[in-house]
Amino acid sequence: MLPYFYSLILVEMDYNFNEVESKWRKYWAENKTYATSNISDKPKCYVLDMFPYPSGAGLHVGHPLGYIASDIYARFKKLNGYNVLHPMGYDAFGLPAEQYAIQTGQHPKVTTDENLARYRDQLDQIGFSFDWDREIRTCEPKYYKWTQWIFGQLFNAWFNNDSQKSENIEKLIATFETEGNANVNAACEETPVFTAEDWKGKTEKEQSDILLNYRLAYLSDSMVNWCPKLGTVLANDEVINGLSERGSYPVERKLMLQWSLRISAYSERLLQGLEQIDWTDSLKEMQKNWIGKSTGCSVSFDIANSDKHLEVFTTRPDTIFGVSFMVVAPEHEYVAELTTADQKADIEQYITEAKNKTERERMADVKNVTGVFTGAYAKHPFTGKEIPIWIGDYVLAGYGTGAVMAVAAHDSRDYAFAKKFDLPILPVIEGGNIEEEAHEAKTGKLINSNFLDGLKVKQAMKTAIWKIETEGLGKGKTNYRLRDAVFGRQRYWGEPIPMYFDKGIPKLVDEAEYPLTLPEVDEYLPTEDGDPPLGRAKDWKPKNGDNYELSTMPGWAGSSWYYLRYMDPNNDGTFASRENTDYWNQVDLYIGGTEHATGHLLYSRFWCKVLHDLGHIGFDEPFKKLINQGMILGTSALAYRIEYAIKSTDATNRKEFIKAVENGPVLYLSYNHWLKYQAEELSATELLELIEKHSGDYVNGLRQNNLGLDIKSFSPIRVDVNKVHNNEMDISAIKNWMPEFNSAIFITENDQKFICGEEVEKMSKRWYNVVNPDDIVGVQGADVLRLYEMFLGPLEQAKPWSTKGIDGVSRFIRKFWNLFHDAEGNWNVSDAEASKDELKVLHTLIKKVQHDIENFSFNTSVSAFMVCVNDLQKLKCNKSAILKELAITLSPYAPFITEELWNKLGNNESVTTATFPKFEASYLIESNHTYPVSFNGKMRFTLDLPLDLSKDQIEEAVMNHEDSQKWLDGNTPKKVIIVPKKIVNIVV
RNA sequence: GCCCGGGUGGCGGAAUUGGUAGACGCGCUGGAUUCAAAAUCCAGUUCUUUCGAGAGUGCGGGUUCGAUUCCCGCCCCGGGUACCA
């Protein structure tokens, strides 16, 4: 034990992060160090994080990963003279708070505010440079006032296919009034043609219904994803494998009157826009797949003995002569008409079965091919041959026309259908193994195809479309998979949709009445009539109409435009002034998880384009560059519980004794013992000896009664990772953690350590593997947390959290501190001039860090800092000129310690006002370069040569080297390759 | 099935994009300091080796003076997506 005063001195000498961090946290808040001005001569840089939903569990170490990266970038940009917008806020409407409200009756606002306060506290500890004056919360009326306003903009807009832009609905109404809808080319529901006279003759209700077909926000009867358990509808991206994203409850298809947004109108622009933005390929690919563009053509097939036509969409018009049957979806509108009398019973039964299948069952049943013949025939448009028409549930009602021309030879699904029902398979492209499988490749020449014979597939496609178009059978066409987004939610905790109904006509709430605030309700459940919770609100009536819309907006409404509000967060006259949105413009860097690829990131782009088209903002892509941070996984700690029974070596009184000892202690085995036992390097006898050694009395007692342990198996038991450090368990902490470990016996390694096994899995409370950032900050300091999270690996890669190695970063911080202090802990910085070696070390670092930050390679620059500090330590460098620039360079990564040292270096202003040092190449130039010399690719020796030698001079110098003769071994070199500043290779 | 990523020591991961593979950190080994420990510092640490060297970046081939990097064919892991015609 150390004398008390001695340990005090030790503490004094070390960097006291607690004191320093709380000091600067306070200073930054009081001086508004990170407040950003909207007026500046400086170039702007907008660095944004995906704002969090404040859940009850608080932040875990995975959350700050992206925030730290963006903070480093923002601080770096600020040091480089940019006016940086780096805000934070909360996506505060959402299901968990409402579910909690249903259970407890506590208002979701209360829950949300509590969670939010904890989030703020956790974020503050990590030292982010957020401008908290710009904080936004999507659940606050002053914010959602403008979410409602944007909804109004969507309601009052339609998409003109000719201009490929949204336009004001007034313009469309004017057109209807002067010339009807015949010449209007809009993204809309199918609407019968009418003249100006017809339009004027229609009632208000009829006009309203027609306009709903055109509006970007519209009410319609549509098939929606209904989740009975959550009591609400969900958008397509909120349904994963037939289960709800939140809570994983079953989802079914249901026809409902619903608000939707016409995002499908923007399919092409959302696709094209991807070309102009700097996102990762994988993310762009996800959006491309989600939009799902496919080009081909529509073809109309006459139905035999009928005046109807069956229209299909195909991407393979080249295979038209291979059509051997047609399949329509069970929900297709012609099914009843097509069905012949003798097929009627079968068809009806099939349709009933298909209807009763849930989405999930249908998905699970993909391999099981089903279908029924309708009894009807279509006529081939070119050959006139009769083709049977079937129904089958592999054809989806919602895509294309809900009917396909089946080319069994060249489509695997059609092939499977044909095999199952013994339909003809007609190959029309040479090659492939038609006996075994469909020949889907788009290569080879056409055969058995009349005018297409001999053409290559690609030519045949063009020719077929041309022929189909000239014969009036169909048209070249593009289809998109992207569906309109269902916008209403039958829930309480969301923005009220600013609509009311007046004699059944939906009308927009007057702008002057925004925000339409969320009314209070007695319970957060649907009403007895099945209305959403808002139906419970008392005295909630519109001035002029009958009732308000009762559904609320989905979670993604508020997050679809929040990046705009940060630009002008307190503006009460508009969502954000044009002046501010023009200045801040696009988000220069957006960091967030990939899970929002088909939700938030698509909706935000959509809203941005609409606002742009309507003239409210000057750009039509919100996020110029986007980086996805990888998920941080948990590393669970395992202790191996020994499952044993008591065995007796003596039959006498066995029962009694067993009864007496049956509730023996729980035994846990340390990892290495367990490993050896599994590998049979540790015998059962040896294990028993080990157990005896650790449990002394217990095993002794057993033996005295002629009893022993019979080891059956091992169960890996998860223990709290926060009580395990570098795989070593703190046994006393675990014993206090949960009663079941209290009397347990831990069989340790030979060095008395108990080592845990590992299991990488998602961070979750139930695996006891959640690590909170505040725990790390409390023990190691915020700078260490920041540096360590960056050091963990590439930002974009998913990686398990592990505290292995955090000590290395902690050591680095201490070494860095010690550069400024002598052995006694006294300030020791000299004003002497820096040496050439010291300058070289510093400028190598500056160059590296600058390059790394610009390329988002934060992990490697932490390494560079470590190398630099080690080198300076070896040089015993304490020159202020070096240390000053080093502090600025490190400040984006470790703001607290650098702020403290910067201040101690005699600066009154925050380090954030400094200028990031420029590296000077002159310090890095070496007069000599060490050339590795290889013979036939094998490195043999190195040679120091001046940098300014010509190739010939280098060759001469190499050949004159004594070792060269040895490796040449009397041969003359065939070739000498010299890569300047890199390598010399001699081929013999 | 299809579309993206990825596979490098005991571990996390580097490699200026075709030029000395394994930076940096963890862990481990040895040493210094200490009455002792902690902390700190120094040295070593891909594997094999007869100490000359040889092999080596998932596997098999290819291009090249030279391949972790480029090409072809496989295997495995992660993510996305799915009867989308």
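By convention in this document, chain letters (A, B, ...) are assigned in the order of the sequence lines, proteins followed by strands, and residues within each chain are numbered from 1. All values reported here derive from a predicted model rather than from experimental measurement.
In terms of position along RNA chain B, the nucleotide closest to A:Leu283 lies nearer the 5' end than the nucleotide closest to the other residue of the pair A:Leu792 and A:Leu283. Judged by closest nucleotide on RNA chain B, A:Val809 is the one of A:Gly400 and A:Val809 placed further toward the 5' end.
Between the C1' atoms of B:C28 and B:G66, the separation comes to 35 Å (whole Å).
Backbone-only contact: A:Asn859 has heavy atoms under 4.0 Å from sugar-phosphate atoms and none from a base. At a threshold of 4.0 angstrom between heavy atoms, the contacts of A:Lys874 are confined to the sugar-phosphate backbone, with no base atom among them. Using a 4.0 Å heavy-atom cutoff across all strands shown, A:Asn870 reaches sugar-phosphate atoms only and no base atom. At the heavy-atom level, A:Arg483 lies nowhere under 4.0 Å from the strands shown. Among the heavy atoms of the strands, none lies under 4.0 Å from A:Glu796. Within the 4.0 angstrom heavy-atom criterion, no nucleotide atom of any strand lies near A:Lys293. At a threshold of 4.0 angstrom between heavy atoms, the contacts of A:Val867 are confined to the sugar-phosphate backbone, with no base atom among them.
No side-chain donor from either of A:Asp783 and A:Tyr893 sits under 3.5 Å from a side-chain acceptor of the other.
In this pair, A:Phe301 and A:His380 present their aromatic rings perpendicular. The plane angle is above 60°, beyond the 30 to 60° band. Ring geometry for A:Phe791 against A:Tyr788 counts as tilted: the plane angle lies between 30° and 60°, on a 0 to 90° scale.
Set against B:C65, B:G19, B:A85, the side chain of A:Lys975 has B:C65 as its closest nucleotide. Among the nucleotides B:U40, B:C83, B:C24, the one closest to any side-chain atom of A:Tyr394 is B:C83. Candidate nucleotides B:G80, B:C24, B:C41 were compared by shortest atom distance to the side chain of A:Met286, and B:G80 ranks first.
In this structure, A:Trp390 has its ring center under 6.0 Å from that of A:Phe417.
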